[in-house]
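Everything numeric in this text was worked out from a predicted model, so none of it was measured.
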Amino acid sequence: MTRTAQRRTVAKVAVHPVQAPPPAGDRRRRRLADQARAYGFLLGGLVCFALFSWYPAIRAVVIAFQKYTPGSDPEWVGTANFTRVFADPEFAAAWRNTLTFTLLALLIGFAIPFVLALVLNELRHAKAFFRVVVYLPVMIPPVVSALLWKWFYDPGAGLANEALRFLHLPTSNWSNGADTALVSLVIVATWANMGGTVLIYLAALQSIPGELYEAAELDGANLLQRIRHVTVPQTRFVILMLMLLQIIATMQVFTEPFVITGGGPENATVTVLYLIYKYAFLYNDFGGACALSVMLLVLLGAFSAVYLRLTRSEGEDS
């Protein structure tokens, strides 16, 4: 190295000296400041959750063991609210209808989104248009959707029976019949909520490597065999997660029976959540309503625990 180069190197070192790392105390204070700033941004959301979610849930558990009427002092009654609710004839009907609705939603509303996702995934043209069409019902407010279907199910001039008459088929009472009302509500819930599920399935299908399908075709697999041996195994985790989420959601069904049937006919569509509404706002029995809410909370908490466990296990495996 020449003298000129040495002088240039020394000059650079002099201009840009190597800085020593900051003391441990400064690093700790900087880390605490970053954490305080992050928690400051989270504070608004935490306050909202505390006021509108956590506090009402804790308060409902307390009221479940009290005789509570607005305008009067609460009285501790222990498990009397649970005993009274158990003795209510509507209690068994509400749970039976809710479980039946959940089962029918799995049979009807669980397979249809998956089939639609398979069809959309195979399309070569107008994919964006059909995705919008499938997702459009989700964008309609639930009450508006329920009112639309209530007119659709009208046994007189409703569009459903008009279509059956046009096809020379027997008409139905739809939501006005005790035997068909619950199935009619399942159809409404499936139509209104399947858009998001279809898009999730579609994203899962598009993440499957194309080489797997090519290998299956080379082995002579037909369409159904490719779905059975490639598609389903590759999307089994998404299928299981959506099934658990659907169970949690359908067991909280309220809008459809409230708007379309009012729990009738003959209590055929009274669900647990609708019975909670009746106890609170029709019977003015908040203790009984909270007792029912606690029962539903325990059941949904069990499904939620399974969901969290499975998602955590999948995250650890990946």
Side-chain angles (χ1 to χ4, degrees), residues 57 60 82 85-86 88-117 137-138 142-143 145-146 149-150 153 174-175 177-201 232 235-279 289-311:
F82 293 89
V85 167
F86 272 121
D88 187 353
E90 285 187 304
F91 176 81
W95 279 103
R96 183 177 61 252
N97 293 336
T98 301
L99 295 176
T100 304
F101 185 94
T102 302
L103 179 61
L104 290 174
L106 288 176
L107 294 176
I108 298 175
F110 191 69
I112 292 177
F114 188 72
V115 173
L116 285 177
V138 181
V143 175
S145 176
W149 279 89
K150 185 176 182 179
Y153 282 146
W174 298 106
S175 59
D179 297 332
T180 57
L182 206 58
V183 177
S184 300
L185 298 187
V186 171
I187 295 173
V188 176
T190 301
W191 176 83
N193 300 300
M194 70 179 179
T197 306
V198 170
L199 294 186
I200 294 174
Y201 277 137
V232 173
T235 58
R236 64 183 184 277
F237 177 73
V238 175
I239 292 174
L240 181 58
M241 292 301 99
L242 289 177
M243 182 180 69
L244 288 173
L245 290 176
Q246 182 169 344
I247 291 174
I248 294 172
T250 52
M251 292 198 70
Q252 301 177 75
V253 60
F254 173 76
T255 304
E256 289 81 6
F258 177 73
V259 176
I260 298 177
T261 62
E266 302 174 6
N267 288 335
T269 57
V270 171
T271 60
V272 174
L273 214 60
Y274 188 76
L275 186 58
I276 292 172
Y277 161 80
K278 291 179 69 174
Y279 265 93
C290 290
L292 271 170
S293 300
V294 170
M295 296 178 198
L296 187 61
L297 174 65
V298 171
L299 183 60
L300 296 182
F303 283 110
S304 300
V306 174
Y307 172 79
L308 292 175
R309 177 62 180 172
L310 290 175
T311 52

(request) Apply side-chain contact (heavy atoms from CB on, under 4.5 Å) to the pair Val85 and Met295, showing each step before the final yes or no. (result) CA-CA 11 Å; Val85 167; Met295 296 178 198; 4.3 Å; yes
(message) Evaluate Tyr279 against Asp88 for side-chain hydrogen bond (donor to acceptor under 3.5 Å, both in side chains), listing each step before the verdict.
(response) CA-CA 11 Å; Tyr279 265 93; Asp88 187 353; 2.6 Å; yes
(request) Begin from the C-alpha positions of Trp95 and Leu296 and carry the test side-chain contact (heavy atoms from CB on, under 4.5 Å) through to its verdict. (result) CA-CA 10 Å; Trp95 279 103; Leu296 187 61; 4.1 Å; yes
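Taking every heavy atom of both residues into account, Ala181 and Gly264 meet most closely at CB-O, 4.4 Å. The shortest non-hydrogen separation linking Ser175 to Pro265 is O-CD, 3.7 Å. Here the closest heavy-atom approach between residue Ala178 and residue Ala268 is recorded as O-CB, 3.7 Å. Residues Phe82 and Ala291 come closest through the heavy atom pair CE2-O, 3.6 Å. Ala192 and Ser145 make their closest contact through CB-OG, 3.9 Å (heavy atoms, listed as atom of the first residue, atom of the second, distance). The nearest pair of heavy atoms linking Ala60 to Cys290 is O-CB, 3.2 Å.
Interatomic distance, Ile187 CD1 to Glu256 CD, rounded to the nearest 0.5 Å: 12.0 Å. Summarising the geometry, atom CG belonging to Leu103 is positioned 4.5 Å from atom CG belonging to Leu107; distances are rounded to the nearest 0.5 Å. Within the model, atoms CG of Asn97 and CG of Leu185 stand 9.5 Å from one another, a figure rounded to the nearest 0.5 Å.
Judged by distance alone, with hydrogens and angles left aside, the side-chain atoms of Tyr277 form no donor-acceptor pair with the main-chain N or O of Ala289 at under 3.5 Å. Side chain of Thr271 to main chain of Val253: a donor-acceptor pair is present (N/O by atom type, distance under 3.5 Å, no hydrogens or angles). At distances below 3.5 Å, not a single donor-acceptor pair connects side-chain atoms of Asn267 with backbone N or O atoms of Glu90. One N or O on the side chain of Gln246 and one on the backbone of Ala105 form a donor-acceptor pair closer than 3.5 Å.
Contact check for Thr235 versus Tyr201: no side-chain heavy atoms found under the 4.5 Å cut-off. Between Phe110 and Thr197 the shortest side-chain heavy-atom distance does not fall below 4.5 Å. Residues Met251 and Leu99 meet the side-chain proximity criterion, which asks for heavy atoms closer than 4.5 Å.
Residues passing the side-chain contact (heavy atoms from CB on, under 4.5 Å) test with Ile248 are Gln252, Leu300, Phe303, Ser304, sequence neighbours excluded. Applying the ring pair (Phe, Tyr, Trp, His ring centres under 6.0 Å) criterion to Trp149, with sequence neighbours excluded, gives Phe152, Tyr153, Trp191.
With Phe91 as the fixed residue, the side-chain contact (heavy atoms from CB on, under 4.5 Å) test singles out one of Leu292, Val272, Val270: Leu292. Just one of Thr98, Thr100, Thr261 meets the side chain to side chain donor-acceptor pair (under 3.5 Å) condition when paired with Thr269; it is Thr261.
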